[in-house]
Every structure is written in C-alpha cells, then in structure tokens.
There are 4 protein chains.
Amino acid sequence: MALEFHISPGSSTPIYRQIIDQVRKGVVTGSWSEGDQLPSVRALAEQLVINPNTVAHAYAELVRNGVAESKPGKGLFVTKRRQIFSKEERLRRLNEALDQFLGETVFLDFSLDEIQAMLERKRSKIRTISAGKKGGAND
Amino acid sequence: MALEFHISPGSSTPIYRQIIDQVRKGVVTGSWSEGDQLPSVRALAEQLVINPNTVAHAYAELVRNGVAESKPGKGLFVTKRRQIFSKEERLRRLNEALDQFLGETVFLDFSLDEIQAMLERKRSKIRTISAGKKGGAND
Amino acid sequence: MALEFHISPGSSTPIYRQIIDQVRKGVVTGSWSEGDQLPSVRALAEQLVINPNTVAHAYAELVRNGVAESKPGKGLFVTKRRQIFSKEERLRRLNEALDQFLGETVFLDFSLDEIQAMLERKRSKIRTISAGKKGGAND
Amino acid sequence: MALEFHISPGSSTPIYRQIIDQVRKGVVTGSWSEGDQLPSVRALAEQLVINPNTVAHAYAELVRNGVAESKPGKGLFVTKRRQIFSKEERLRRLNEALDQFLGETVFLDFSLDEIQAMLERKRSKIRTISAGKKGGAND
DNA sequence: GTGGTCTAGACCACG
DNA sequence: GTGGTCTAGACCACC
C-alpha cells in the first residue's frame, strides 16, 4: 500500500495538523490497515521537505490519540481501526469536495484545461513521493 | 429572475459562504445577468430561515468583490462582470483550492482519471462564461 | 510591535473601516511587517471601547484581502505583502477615490498646485513601500 | 439661466447626492452665480419624478455646507462662495479629504506621479467647463 | 487563550 | 420598503 501524503506548506493550517488529519483519514477509509507501519520520522520529513520535529510532533499526537502506537526500536504502527468507508461514501465525499472546489474557483476564470493541468501536476508530485524515490521530491 | 437558494445548515462551509458561492456560480453560468436584483436581505433570510445578518454578511462580501452593487434604498443588483484579481492572486487561489481538494481526497483512493472525468462532467453542466473582455481571463 | 489605534466614533466612515485603513497604512509604511501579530480581537475591542464583533469584522476583511492571516488558536498575523488586485481594478478604485475627493473639495477653491503640494507633503511622511516584486506596481 | 438637472435613478450614488454634486459643480463652474434661485423642493421633485423628501434632504445639506442659503418665504439662493468657510475651515476640510483619499489608495501601489497625473487630468476637465467665465477663480 | 460564525435586535440613511 | 453598521451575547474549533 502506497502511503500517500499531500501537504500545503503555505496553508494556514499547521503542517503537523495536515499530517495528523491525513493519517487519521487514511486509517478511517481503509487506505491504511491495522498493523501498517508509518514511515519513519526522518523519512517522512525528508519526503515532505519539512522539519523532522514537525513530523515528530504529529506522530506524538497520533500516539496520544490512540491512532498509532509505537513499538520501541521498530517504528510506529497503525492501531486497530474502527470503520471503513463504503464505495458510496467515498463517492459522496469526492463529490462534495469537487463541489466545494468548483464553488471556490468558478469565478477565477480558469479553463478546464488549465485546472486539469495543474491538478495533474500536483498529483504527479504525490505519486513521486509515495513511489519511494528519494531524489526527485522537489517542489 | 427568481433563482432558488439552497443551504445546508449542517455543512462545514458557513452559511454566508454558501450564499456567496451560489450567487457567484449563478453569475458565472449566466443564471443572473448584469442589472438583475438579488432578493432582499430580509426576504432571503426568511426564505432560508436564517438571521438577516447572515444574508447581509454575504451580500456585503459580494459588493466588496465587485459581484454586486448596492443602490441605496433600492436593493442589491448584479454588476457587469469583471475580474478584480490579478493573475498572480487568481493562481494563488486556484493553487490553494487544489491543495485543499487534494488533502480531502487523496485518501479516498480515486485515480486521476476518475477525478478528472467527474470534474469534467460537473464543469460541463455549468457552462462557464468568462469575465474577460476578449473571452479570455485578463489581469 | 505596538502600534496605536485611533478611531473617531463620530466619523462618517465606519469604525471597522477605520481599523482596516489603519492596519493597511501601517503595513504600507512599514510600521508592521510580515509575521507581526495584530492585537487580539478582544484586546483591541477593549482598548477602543467598542464591540469585539466590530473588530472581528475588520479583521475578517483584512484576511479576505490578503493583508493578514489567521493562525488558528494563535491569532492574526501580517502576511507577506502582495497586490491581489488587477491593474484594471486598481485603476478603477483610484478613479473612484479621486472622484470622491474632487467632489468634496472642488468647492473649497484650492488651486491644483496647493492640493498637489499638500498631497506631496502627506505622501512623503508615509514613505510608501511597494508590494511589487521589482519595486513597481504589478498585476 | 437654465437650471438643468440630470439624475440617473439607476446609479449607485444616491439621488440626493447627485443633486448636491450638481449644484456644487454648477456653482464652482460658474453655471450658477451668486444670488441665483434654486427650484423649489416641490418643483424639482416633480420635474425629476422623485420624492420631495429626497430634494429637501439635498437642499438641507447644501445649506449646511454654505453653498446655498434659505430666504424664508422666498426660496433657496446660491450664496456668495468666498465668504462661506474660513481659511482654517477650508484647510481642515481639504486635509480630511486628503487623509481619507490616501487611506483608500495607499495600498493600491500607485506612485505619487501617477496619482498627480490623474488628478491633473480630472481637474483639467473641470477647468474646461468653467473656462470662458470670468477667469481665475481656481487653479 | 485565539479567531470564526451565527443569532437577536437596534438605529441610521435612502427612497 | 431597501441595505449598512453596530452592539450584545452565544457557541464552536483550535492551541
């Protein structure tokens, strides 16, 4: 299972919060399963090009909240999860997110092509990161 | 031009923002044209069963953003469409909206193709009318 | 950076607008720089002896206009200066402001030279710092 | 002297303001001279097909500003301009108008030259109108 | 503690 | 009747 992360460093929501939210969501949706190992603090920090402290901060809270647990000397692992989203639920959420996205951007006068190009570019970055390459994860 | 307003009071997006988005969408798609009068603050508040101040809040932002214009004592009217934001700002906003969208959907495990197909379908429903003088986005 | 706020409650310009203008002026003149924290909503409201909502109203518009940014739970901070408006929009606003100014002063019988001299004197006091990347106005 | 009024009921500037501005402009440009009588409230309201209250409102402000004066039982007459405000009062008003103007435009990133050029252009239009009269009241 | 949103109700300016 | 502003007080999310 590819562990995909996407953060926006420029956002007003703290980076560590973005990490937490994505891990939580990944667990809830079944993208990540019980027992899956999270990337190491240093690895993830390197991938996202952020401070390891930020990752550590996020991981600490995940442990505090019981989403993950630390096996000393081995790493961080996802704890028993509660529920997974059905196909319908996932579609509903995608639909909702798209509606919100369009609502915020229609008046910006971008063409569908421009938007799709930008979306593709961003997605390709995510793929690059989750493919495990170490060199090319630049922004 | 009577146009239906719909709000979801339980949504995470504030009510006043939902109103704004609907008006902007209506303007972009041509449901509302220059000179059309928006429903009065009190009327819309009554219709949506919300506080008039919430509607006023939304209307004030529409005026600030150049979407509508107030004729004192008469009401709010849709203005001639124009793009008030610089190219840079528009790109920044698109970028931000895309980041948020991705943050909320990466964990849903949809492929780029699936998302783009859905995006295309939604866009085709709202035939976008550009604000640019020559049919293109201006700055 | 402590910066004094002054409002005239009796003025025709709304209080929240006076706050906005003072912050913007402070940013333009360099009294406030990127990253500086604005006084809290409640603190400023107490200082000016006005309702916190009025301050919140002003702050919300500063955020919408990209002058400040909210860090959840921490406060409001001045953002990196940028020009969000298109050249067209900025000209439109300048034109509007000039019309209003002339409407209020033509009957005062000042010569163009007198007015320009006074304008120059005032401008020189607030050494304007451009938001443009290359020192000029951008769009 | 034909006292012609033109108002645009559809404009976003209030009708009473349009009336005030036209009288002021008329006085400044010499279209109206000291001692000229303004149309009665009821006559003007009838002519413009607007509410008499609106005209009364405008006239009241003209009197407050010293542009016109009421001779009870006779009507409203254009005052002698020069004796309206003291030098100090005129300076105070100019100062205030300039402050408001700068507050609204500093963040637009226009240079002093650009502003002064635009100001000059606008003023020259006024001069063109008032030319041919007994010269030199302004500029 | 911070800001963000919403409700309730008031007063003003304008027509 | 219209919108614009302000006050008062409430609840929320986030830190």
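Order of the sequence lines fixes the chain letters, A, B, ..., with proteins taken first and strands second; residue numbering starts at 1 for each chain.
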**Message:** In terms of relative ring orientation, are B/Phe85 and C/Phe85 parallel, tilted or perpendicular, with 30° and 60° separating the classes?
**Reply:** parallel
**Message:** Show me the dot-bracket string of DNA chain F, counting Watson-Crick or G-U pairs under 3.5 Å, with | for pairs to another strand and [ ] for crossing ones.
**Reply:** ||||||||||||||.
**Message:** Measuring only between side-chain heavy atoms, which start at C-beta, is D/Ile20 closer than 4.5 Å to D/Tyr16?
**Reply:**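 D/Ile20 reaches D/Tyr16 side chain to side chain.
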**Asked** Are side-chain heavy atoms of A/Pro39 and A/Tyr59 found at a separation under 4.5 Å?
**Response** yes
**Asked** Base, sugar-phosphate alone, or nothing: which one does D/Ile15 contact when heavy atoms must sit under 4.0 Å apart?
**Response** sugar-phosphate
**Item:** Cation-aromatic face contact B/Arg24/A/Phe107, 6.0 Å, 45 degrees
**Value:** yes
**Message:** Apply side-chain contact (heavy atoms from CB on, under 4.5 Å) to residues C/Arg92 and B/Arg82 and explain how you reach the verdict.
**Reply:** CA-CA 11 Å; C/Arg92 206 188 58 78; B/Arg82 59 194 147 103; 2.9 Å; yes
What are the two closest non-hydrogen atoms of [X] and [Y], and how far apart are they?
X: D/Thr79; Y: D/Ala68; answer: CG2-C, 3.5 Å
X: D/Ala45; Y: D/Asn51; answer: CB-C, 4.2 Å
X: B/Asp36; Y: B/Ser33; answer: OD2-N, 2.8 Å

**Message:** Can you list, in residue-number order, the parts of residues 51-64 of chain D that come under 4.0 Å of DNA chain E, counting heavy atoms only?
**Reply:**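 DNA chain E contact set from residues 51-64 of chain D: D/Thr54, D/His57.
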**Request:** Mark yes when over 12 heavy atoms from residues, nucleotides or ligands other than B/Glu46 sit less than 6.0 Å from its CD; otherwise mark no.
**Result:** no
**Prompt:** For B/Val49 and D/Pro14, take the nucleotide of DNA chain E holding the closest heavy atom to each; which residue's nucleotide lies nearer the 5' end?
**Reply:** B/Val49
**Asked** Of D/Tyr16 and C/Gly73, whose closest DNA chain E nucleotide lies nearer the 5' terminus?
**Response** C/Gly73
**Nucleotides bounding contact with chain C, strand DNA chain E, heavy-atom threshold 4.0 Å** =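 Listed 5' to 3', the contact boundaries are E/dG1 to E/dC6.
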**Item:** Donor-acceptor pair, side chain of C/Ser86 and main chain of B/Gln83, under 3.5 angstrom
**Value:**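 Side chain of C/Ser86 to backbone of B/Gln83, a donor-acceptor pair under 3.5 Å: yes, one is there.
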